[in-house]
Amino acid sequence: MVIKNRVLLLGVIISISLLGCKDAPQKQETINSGEGAPEVATQEASVQDSTRVDATANSAQEETPPLESLPDTAFVRLADYSDGFAFDMRYATDNNFLEETVYPCGECYTRVKTAKALLQANAVFKEKGYRIRFYDCYRPNSVQYKMWELVPNPQYVANPVKGSIHNRGGAVDITLETLEGKPLDMGTDFDFFGPRAHHDHMDLPAEVLENRRVLKETMEAHGFWSIRTEWWHYNLGAASRDAVANFVWPCPTAN
Ligand SMILES: C[C@@H](N)C(=O)N[C@H](C)C(=O)O
Ligand SMILES: [Zn+2]
């Protein structure tokens, strides 16, 4: 069953379940999809793992609402708004630095403002013969804890107590691929935690440097900033103060 209105579904689910992160009482967010800005509820987080959200819980099977009708801070499923992106959601597989599947399925959720900026950036990439391929989008805060346990190095993994901008729905891990689906050479794989992935590492083939430049310049022109140590990571500046979230998205179920 394909879920038509994941925005509304999330509104219901998140209102019901404010999720906590291990050892980290902090602000958690209630996401409303209807009128007005999302409510931000402050409460002590309980010690529990992320809740899996069962898509069968969805009672609101409605059409996808236009982005313009939603508050900028609502969460949306990006694929509902364009079929012009490619997805390789690594944390929904064990092909990632954790060597473990930490997502129930590969979905890309972001805040509305992040989605709008990504759609515009992708239109520019398309003119150049490319499109964005996503490795990661919104990431539950509980997963950030798992990552930090393995790599407690803020150069490569944001401290979960402060929260990553991924946890705020404003960061994406991406590369570029051709419109035929061939990924551009960026010099390292996604989540290669070492100097070769740094933006200031210049000892790379000219083609790689050019590919990174195209990605960085276009993303920066659309409100994103990069971090020095990861060529794939982009933060939407306007999302850096949004609340940390810890919901898990619904997954499609077989009919
Ligand atoms: C883990 C890596 N893909 C990443 O996103 N790192 C940044 C620094 C983060 O955790 O926010
Ligand atoms: Zn990232």
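Just so you know, ligand 1 is whichever comes first in the structure, and atom 1 is the first atom listed for that ligand.
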Distance-only donor-acceptor hits, side chain of residues 115-123, under 3.5 Å, sequence neighbours excluded:
residue: Lys116; atom: NZ; partner: Asp72; partner atom: OD1; Å: 3.3
residue: Asn122; atom: OD1; partner: Ile132; partner atom: N; Å: 2.8
residue: Asn122; atom: ND2; partner: Gly84; partner atom: O; Å: 2.9

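- Note on Ile174: it clusters hydrophobically with Phe97, by side-chain heavy-atom contacts below 4.5 Å among ILVMFWY residues.
- For Tyr234, no heavy-atom contact with ligand 1 is shorter than 4.0 Å.
- The protein heavy-atom contact nearest to atom 4 (C) of ligand 1 is Glu230 OE1, 3.4 Å.
- In this structure, the side chain of Glu107 does not engage the main chain of Arg77 through any donor-acceptor pair within 3.5 Å.
- A donor-acceptor pair under 3.5 Å is absent between the side-chain atoms of Arg90 and the main chain of Asn96, judged by distance alone.
- Here's the thing with Ala158: one of its N/O atoms is less than 3.5 angstrom from an N/O atom of ligand 1.
- To the nearest 0.5 Å, the span separating CG on Leu215 from CH2 on Trp232 amounts to 12.0 Å.
- A distance-only check finds no donor-acceptor pair linking the side chain of Arg168 to the backbone of Arg241 [under 3.5 Å].
- The minimum distance between the Zn ion (ligand 2) and any N, O or S atom of His233 involves atom ND1.
- Residue contact annotation: Asp173 places an N/O/S atom under 2.8 Å from the Zn ion (ligand 2).
- For atom 3 (N) of ligand 1, the nearest non-hydrogen atom from the set Thr229, Asp191, Ile165 comes from Asp191.
- Assignment of Gln155 to the shell around ligand 1 is not supported, since no heavy atom sits closer than 4.0 Å.
- Asn211 places no side-chain N or O within donor-acceptor distance of the main-chain N or O of Met186, the cut-off being under 3.5 Å.
- Within ligand 1, the atoms closer than 4.0 Å to a non-hydrogen atom of Tyr156 are 1 (C), 2 (C), 4 (C), 6 (N), 7 (C), 8 (C), numbered from 1 in the order shown.
- In terms of protein heavy-atom proximity, atom 5 (O) of ligand 1 is nearest to Arg139 NH2, 2.8 Å.
- Only the side chain of Trp232 comes within 4.0 Å of ligand 1, counting heavy atoms alone; its backbone N, CA, C and O stay farther away.
- Residue Ile227 has at least one heavy-atom neighbour below 4.0 Å for each of these atoms of ligand 1: 8 (C).
- Ring centroids of Trp249 and Tyr103 are separated by less than 6.0 Å, placing the two rings close together.
- The atoms of ligand 1 that sit less than 4.0 Å from any heavy atom of Ser164 are 9 (C), 10 (O), 11 (O).
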